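Values below: every heavy atom of this structure, side chains too, minus hydrogens, waters and symmetry copies. Just so it is clear, the model here is predicted, and its values are computed rather than measured.
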Amino acid sequence: MRWKLVVRTVIVSLVAMLGVGIAGIGPVSAQTSQPGVTGNTITVGGVAGKTNPVGQPYASGFDGAQAYFNYVNAKGGVFGKKFKLVAQLDDQSRASQNVTELRSLVEEKKVFAVLPVITQIFAGAPYLAQKGVPTFGWNINAEWNDGPNLFGEKGSYLCFTCPQFSPAFIAQQIGAKNVAILAYTAPQSAQCASGMEAGFRKYGMNVVLNDSSLAFGFQDLGSDVDTMRSKGVQFVGTCMDIAGEVNVAKALRRAGLNNVKFYAPQGYDPGTLAKYGNCLLYTSPSPRDRQKS
């Protein structure tokens, strides 16, 4: 469901922009000299982290793009021109590869627009901004703010370190005072943890742990669970993918911290709940645990 919404949003934005013109050059209906635009075709290509360390189906963004293009094309396209998805590239979730693949789309494939961009590392954003190529995708990177031609599905600006309200609100609703934060070493995750801490502190919560040293695929929380136990942590905020959130849930359960609630940003999708529900839900403490507490 998330990918359908992302892809639909970015493509609707592209269709709307084709009607009003790009950077003041006039609508596509009157301008056929633009790269990737012919008498009856508008060519686009995209980049996704098909190969990624968290095992997410980012490549499905291409399926969504093609499906929506088919829908638009069946209705006659845009001003009589039909979309053609000419490239579905994999940047392997690597910065250098992201730049290489984006340059290939512009310089070799001669696309009119880059769509979709669904990847963890958007290192090629400055290049696209300098070239002025209309680009649409999943905004989880600060680089979407690099140029006026970059359009994220939820806007083109992110402030990772600004106070986050949702985790603090949820913690407040359940009466938690002592909180912990867990994140990966990846820049987006670590910066997210900073914003989460700012939100907790703004609303008067005691942040007793902020660990941004976890690697993708971790299996246990090491000394973090001891800190949580000794400091009486009641709520954990995470800046991770669903696999990491599941590992957090399992690690807390193994450590006997069954009363600790945690915020999993990706944990409320129906598909996620169907697949991982038993892992994400905590059981009630056993009588022995209650006696210890």
Side chains of E107 and Y127: any donor to acceptor distance under 3.5 Å? yes

What about Y157 and W144, are their ring centers closer than 6.0 Å? no

When you look at F235 and F262, which way does the ring-ring contact (aromatic ring centres under 6.0 Å, His included) test go after all the steps? CA-CA 5 Å; F235 184 81; F262 74 98; 8.5 Å; no

Are the side chain of N206 and the backbone of K177 linked by a donor-acceptor contact shorter than 3.5 Å? no

Do any N or O atoms from the side chain of S156 and from the backbone of G152 form a donor-acceptor pair under 3.5 angstrom? yes

Would a distance-only check, ignoring hydrogens and angles, find a side-chain to backbone donor-acceptor pair under 3.5 Å from N139 to E153? no

Expected output: side-chain N52 to main-chain S93 donor-acceptor under 3.5 Å: no

Say whether, by atom type as modelled, one donor and one acceptor occur between the side chain of N247 and the main chain of Q219 under 3.5 angstrom. no

Taking every heavy atom of C239 against every heavy atom of A183, the minimum-distance pair comes out as CB-CB, 4.0 Å

Check whether Q234 reaches the backbone of N178 with its side chain - one donor and one acceptor, N or O, closer than 3.5 Å. yes

For residues V225 and L257, report the shortest heavy-atom separation together with the two atoms involved. O-CD1, 4.0 Å

Q120 versus N141, closest heavy-atom pair with distance: O-ND2, 2.7 Å

If we ignore angles and hydrogens, is there a donor and acceptor under 3.5 Å between the side chains of E197 and N210? yes

Report yes or no: does T51 contribute a side-chain atom to a donor-acceptor pair with the main-chain N or O of Q92 at less than 3.5 Å? no

Heavy-atom donor-acceptor pair, S230 side chain to T227 backbone, under 3.5 Å: yes

So does Q88 get a backbone contact from the side chain of K50, meaning a donor-acceptor N/O pair under 3.5 Å? yes

Work out which heavy atom in V179 is nearest to a heavy atom in A171; give both atom names and the distance. CG1-CB, 4.5 Å

Begin with the C-alpha distance, continue with both residues' side-chain angles, and end with the deciding distance and a verdict on side-chain contact (heavy atoms from CB on, under 4.5 Å) for N98 and T119. CA-CA 9 Å; N98 182 261; T119 185; 3.8 Å; yes

With side-chain contact (heavy atoms from CB on, under 4.5 Å) as the test, would you mind laying out the steps for L115 and T135 before giving the verdict? CA-CA 6 Å; L115 180 155; T135 302; over 6 Å; no

Heavy-atom closest contact (A251 atom, D220 atom, distance): CB-CA, 4.4 Å

Without swapping roles, check the side chain of T38 against the backbone of T41 for a donor-acceptor pair under 3.5 Å. yes

